[in-house]
Amino acid sequence: MVKTAHPTRADYYKALAATLPPEALVVTCLGNASYLWAALHHAPENFYFEDAMGLALPLALGLAVAQPKRPVIAVEGDGALLMHMGALVTIGAVNPPNLTMLLIQNGVHAASGGQALTNAGLDLAALARASGIARAENLAKPEALGAKMRASSKRDGAEFLVLATEPDIEVVHPPVALDPIMTKQRFMAAIGAPRYIPTLFGGGKLEGM
Amino acid sequence: MTKTGAERPDAHRPSEMLATLKRLGFRAVVSVPDGWLGELLVRIEQEPTMQLVRATHEEEALAIACGIRLGGVRTALLVQNAGVLSMGAGMVSLAQRYQFPLLMLVSYRGAPEDPVFYHIPKGRATEPVFTGLGLAHTRSDRYRPIGPQVEQAATYAEEGSCPFALLVSREDVQW
C-alpha cells in the first residue's frame, strides 16, 4: 500500500461528514471539492460551485451574514484563494462567528491538471490571521479537523483551518447532477428562504417583507 | 399651484433612492467605494434596517451579494462602472449561471456629464461590455423620479432571475 505524505481530501471529508454540525450549510468550490462532497454527503443544504474560481469564500461570507443562526462551512482550494486574497480581508472585517473555512492546501492547481501554484509554501493560516481572522490554524490530520468541528459551536469570530493534503488530480464523478439552478432552488427551499411574490405589472416583494 | 420641495417626488433624488430600497425590503448592500456613491454608502451604513458589507474588489462583492441573496435576504450591489468591467467572470459563471436576482446600482463614470476626464475610457466601454456580458441594464432618466426607476430595476432582476444594472448619474446619488 502506498503511504502518502499527507492525508487525502477524502480523509478530511470523512472527518467533516462525521462531525458536521446540525443545521450546517456547506459551500464547496469547483472540481473535486464539490464532486467528492456530493459523493460522500449529498444534501439539499449543500451549495456546489461548478466554476467561478475564487468566489466560494465571498459567497459563503454573504450566506453567513444572511443566515447568522446556522453554521456555514466553506471548502476552498489554495489556488482559488490566491485568485481572490482580498476576500480574506473582507471576511476578517465582518468576522461572522458562524463561518468556518476549510482551506485545502495541496500546493497545486489540481482541477487543471496539477500545475504548481505561484507560491505553494505560503503560510495561509498566517495570511488569514494578518487579515483579521484570529482563529486560523494549520492542521495536518483529519482527526484534528474532527476535534475542531466538535469544539466550534460557540466562537467569537470566523474560523480558518488550513488542511494539508495530497493533490487529488483524478476527477471524481459526482453521483448527482450538479445543475446550478437546481442546486440554488433546492438550497433555498431547504433553508426556507422567502420566495419572491410577483405582482402583475411590477412591484413584487419577497415573502413577508 | 406651485408645489413645495417636499411635495415633489424628485425633491431629493438620493434620499428617494435610499427610501425606495428600504420600502422594497432591501436589508443588505454590498459595495466597493466610488466618489459619487460615497455619501450614499455612508447613509446606508447609518441605516439601522440595512447592513453594508464593504468588499475589496467588485467580483468579490458580486459573490458576497449572491451569497446574501442565497440566504434569503434582498440585496443590492453598489459599484462603479469600472468595477463591472472587472467582474466579468463572476458575472457570467456565478450570478448569471445560477440566475441570482441582483439589483445593481452602478455609477456611470465617464459619461458625457462626468467632468472627470480620466473616466472617459471606462464610460466609452461600459455599455458595449455590459451588452457583451449579457448584463441587462438601463440608464437612469434624469427627468423622471428616481424611486420608480430603482423599483423597476429591482423588479426586472427578480422577474428575470438575473442581475440588472441601473446606471446612475451624479445627481441620483450625491447629497
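Just so it is clear: chains get the letters A, B, ... in the order the sequence lines come, proteins before strands, and each one is counted from 1. These numbers come from a predicted model, not from an experiment.
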**Study point:** Residues of residues 122-134 of chain A near chain B, each having a heavy atom less than 4.5 Å away
**Key:** none
Review point. Hey, what do you get for OG (B:S93) to CE (A:M53), rounding to the nearest 0.5 Å?
Key: 11.5 Å
Check your understanding: Who among A:G208, A:A93, A:P58, A:A60 has the most heavy-atom pairs with chain B under 4.5 Å?
Key -> A:P58
Practice item. Could you tell me which portion of A:F47 (side chain, backbone, both or neither) has an atom closer than 4.5 angstrom to a non-hydrogen atom of chain B? Key: side chain
Check your understanding: From B:R69 CZ over to A:Y196 OH, what is the distance, rounded to the nearest 0.5 angstrom?
Key -> 10.0 Å
Check your understanding: Should we count CZ of B:R43 as having more than 12 external heavy atoms under 6.0 Å?
Key -> yes
Check your understanding: B:G72 and A:P194: which non-hydrogen atoms are nearest, and at how many Å?
Key -> O-CG, 3.3 Å
Study note, to complete from the structure: Cut-off 4.5 Å, heavy atoms of chain B, and the answer for A:I191 is side chain
**Study point:** Part of residues 14-46 of chain A lying next to chain B, heavy-atom separation under 4.5 Å
**Key:** none
Revision key, fill the gap. Listed by number, the residues in residues 54-66 of chain B that come under 4.5 Å of chain A (heavy atom to heavy atom) are B:R54, B:A55, B:T56, B:H57, B:E59, B:E60, B:A63, B:I64, B:C66
Exercise for review: Check for a donor-acceptor pair, side chain of A:K184 on one end and backbone N or O of B:L70 on the other, with a separation under 3.5 Å.
Suggested key: no
Point to revise | Closest heavy-atom pair and its distance - A:A52, B:L94 | key: CB-CB, 4.0 Å
Exercise for review: Hey, could you give me the CG/CZ distance between A:L59 and B:F100, rounded to the nearest 0.5 Å?
Suggested key: 6.0 Å
Review point. Which atoms of A:A87 come close to chain B, meaning under 4.5 Å heavy atom to heavy atom: side chain ones, backbone ones, both, or neither?
Key: both
Practice item. In plain terms, say whether B:E158 and A:K205 are close enough for a salt bridge, that is, a side-chain N and a carboxylate O under 4.0 Å apart. Key: no
Check your understanding: Does CZ in A:R195 sit with more than 12 non-hydrogen atoms of other residues, nucleotides or ligands closer than 6.0 Å?
Key -> no
Check your understanding: So which residues of residues 63-78 of chain A are in contact with chain B at a heavy-atom cut-off of under 4.5 Å?
Key -> A:L63, A:V65, A:A66, A:Q67
Review point. Top residue by heavy-atom pair count (under 4.5 Å) with chain B, among A:G86, A:A193, A:G62?
Key: A:G62
Exercise for review: Go through A:Q185 and B:Y98 one step at a time and tell me if the side chain to side chain contact (heavy atoms under 4.5 Å, CB included) criterion holds.
Suggested key: CA-CA 9 Å; A:Q185 304 287 25; B:Y98 287 80; over 6 Å; no
